[in-house]
Protein chains: 2
Amino acid sequence: MEQQETLGPVENAVGYVLKQAAVALRNAMDLALRPLHLTVPQYACLELLGQRPGLSNAELARGVFVTRQSMNVVLRGLDERGLVTRAAVAPHGRELPTELTTAGREHLDAASAAVLAVQTTMCAGLTPARQQALLETLAVCIRNLNDGS
Amino acid sequence: MEQQETLGPVENAVGYVLKQAAVALRNAMDLALRPLHLTVPQYACLELLGQRPGLSNAELARGVFVTRQSMNVVLRGLDERGLVTRAAVAPHGRELPTELTTAGREHLDAASAAVLAVQTTMCAGLTPARQQALLETLAVCIRNLNDGS
DNA sequence: TGCTCCATGTCAGTATCCTGACATACAGTG
DNA sequence: CACTGTATGTCAGGATACTGACATGGAGCA
């Protein structure tokens, strides 16, 4: 009796609930970021750059879980709006380090607050221990999935 | 000190890890379903129909977390492949109940086994209690997010 | 009955993200 | 040095999902 042989009702499937949570979170973030005219990938890009300035396109793509091509479009949009600056020449290889501008930093601060509010809403009623357990359990799932591929 | 005022490193943000897990699961399912020539939404549609025959397009869309329009395309593809049948006339309102064909049921059985394998891989090393805790915690998050919108 | 409101199925257009492909730049190895 | 392998940035094309819109069918109410 080490493993069930059917998934059971979708409502009880881990994968189903995981997707449902991801969709709900995505929608909530979209809503929160709309006043700032930022999409979720755009925000994620800014947040990553705020924490680790000088990241390249490919590194940002991996961090945001999109392809290099998609991140390229995001970065171009942010560049045109003056929120980030990309180095004109590559200091190493073909990598073009990107950094936040002052305007980008201001946008990020506002967006970060909005997203924090969403996360706070999401985790309402959860003890810190339970949040930590959620993080750790998800980390195990991620590791299990990525090891197999 | 009831709430932190910054998100902290993205690696520790619940939303970030949640998205990461969802992406990893999506990729793993795509890989597992590829031999059967099924996409994740197509599989989700079949699974839902297997558990609750006669669902309408709109009901399926809500269950799979896509729009009616997207589900319409999915359903049309499955219909052309002979995996599902849609009622020609609406027995009530405009709803066109959909059901699995024999071929659809066979496809579903194979797909369900593949997805179960993925879920088993994902949850490897997690005690039933921990899986249950994950489900319950995610349910709280979903409720919190949906109440606010 | 007539009116309003809501849900459904569908068409059209747009946006987003992906896969495939190519040239370039560096590291490692003979 | 030359060669191979890997990683990056970018272009082109296609797949997928979305928003907006419309017509239809039913429920509720005066």
Side-chain angles (χ1 to χ4, degrees), chain A residues 19-20 22-31 33-34 37-45 48-49 54-81 84-99 149, chain B residues 19-20 22-31 33-34 37-45 48-49 54-81 84-99 149:
Chain A
K19 168 149 189 170
Q20 190 174 359
V23 168
L25 174 61
R26 169 100 187 193
N27 288 340
M29 285 183 65
D30 263 328
L31 218 62
L33 292 172
R34 188 154 307 160
H37 303 286
L38 285 176
T39 65
V40 173
Q42 284 172 338
Y43 157 72
C45 180
L48 231 45
L49 284 175
L55 252 43
S56 70
N57 179 26
E59 290 169 321
L60 284 168
R62 281 191 291 269
V64 179
F65 311 114
V66 297
T67 59
R68 296 193 305 264
Q69 295 87 333
S70 297
M71 181 51 66
N72 204 340
V73 176
V74 170
L75 232 40
R76 209 166 298 191
L78 293 175
D79 193 5
E80 288 174 1
R81 287 167 60 183
V84 304
T85 55
R86 305 192 69 181
V89 298
H92 174 71
R94 302 197 62 184
E95 300 178 15
L96 299 175
T98 307
E99 296 194 3
S149 65
Chain B
K19 167 148 189 169
Q20 190 175 0
V23 168
L25 174 60
R26 168 103 189 192
N27 288 340
M29 285 182 65
D30 263 328
L31 217 63
L33 292 171
R34 187 154 305 159
H37 301 289
L38 285 176
T39 65
V40 172
Q42 284 172 338
Y43 157 73
C45 180
L48 231 43
L49 283 174
L55 252 44
S56 70
N57 180 25
E59 290 169 321
L60 284 168
R62 280 190 291 269
V64 180
F65 311 114
V66 296
T67 60
R68 296 194 305 264
Q69 295 88 331
S70 297
M71 181 50 68
N72 204 340
V73 176
V74 170
L75 232 40
R76 209 166 298 192
L78 293 175
D79 193 4
E80 288 174 1
R81 287 167 62 181
V84 304
T85 55
R86 305 192 70 182
V89 298
H92 174 71
R94 303 197 60 184
E95 300 178 14
L96 298 175
T98 307
E99 296 194 1
S149 66

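Chain A is the first sequence line, chain B the second, and so forth, proteins listed ahead of strands; every chain is numbered from 1. All values derive from a computational prediction rather than experimental measurement.
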Is the closest side-chain heavy-atom distance between [X] and [Y] below 4.5 Å?
X     : Y     : value
B:H37 : B:R81 : yes
B:L49 : B:L60 : yes
A:R86 : A:L75 : yes
B:P97 : B:P91 : yes
B:M71 : B:T67 : no
B:Q20 : B:L25 : no
B:T39 : B:L33 : no

Measure from [atom1] on [X] to [atom2] on [N] and round the result to the nearest Å.
X     : N      : atom1 : atom2 : value
B:N27 : C:dC17 : CG    : P     : 15 Å
A:E95 : D:dT6  : CD    : C1'   : 12 Å
B:L60 : C:dT10 : CG    : P     : 12 Å
B:E59 : C:dG9  : CD    : P     : 8 Å
B:R26 : D:dA15 : CZ    : C1'   : 12 Å
A:L96 : C:dT24 : CG    : C1'   : 12 Å

- Of the options B:T85, B:T98, B:V84, which is the one that meets B:L78 in a side chain to side chain contact (heavy atoms under 4.5 Å, CB included)?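 One option only clears the test, and that one is B:V84.
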- Within residues 55-64 of chain A or reaching into it, pairs that qualify as side chain to side chain donor-acceptor pair (under 3.5 Å) - sequence neighbours excluded: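 The answer is A:S56-A:E59.
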- Task: Taking only the side-chain nitrogens and oxygens of A:R62, find out if one of them lies under 4.0 Å from OP1 or OP2 of D:dA7.
- Result: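 No, outside the criterion.
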- Message: So, OP1 or OP2 of C:dT10: does either fall under 4.0 Å of a side-chain N or O from B:N72?
- Response: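 B:N72 to C:dT10 OP1/OP2: side-chain N or O found under 4.0 Å.
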Would you list the protein and nucleotides 25-27 of chain C atom pairs, both N or O, that sit under 3.5 Å from each other?
none

- Could I get the full list of side chain to side chain donor-acceptor pair (under 3.5 Å) partners for B:R68, not counting sequence neighbours?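 B:R68: no side chain to side chain donor-acceptor pair (under 3.5 Å) contacts found.
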- Query: Which nucleotide in the set D:dT10, C:dC17, C:dT10 lies at the smallest distance from any side-chain heavy atom of A:N57?
  - Reply: D:dT10
- Query: Residues two or more places apart in sequence or in another chain: which of them pass side chain to side chain contact (heavy atoms under 4.5 Å, CB included) with B:A24?
  - Reply: A:L145, A:N146
Give each protein N/O atom lying under 3.5 Å from an N/O atom of nucleotides 18-21 of chain C, with the pair distance.
from, atom 1, to, atom 2, distance (Å)
C:dC18, OP2, A:T67, N, 3.0
C:dC18, OP2, A:T67, OG1, 3.1
C:dC18, OP2, A:S70, OG, 2.7
C:dG20, O6, A:Q69, NE2, 2.6

- If an axis is fit to five pairs at each end of the helix from C:dT1-D:dA30 to C:dG30-D:dC1, what is the angle between the two, to the nearest 10°?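 Taking the rotation axis at each end, their angle is 30°.
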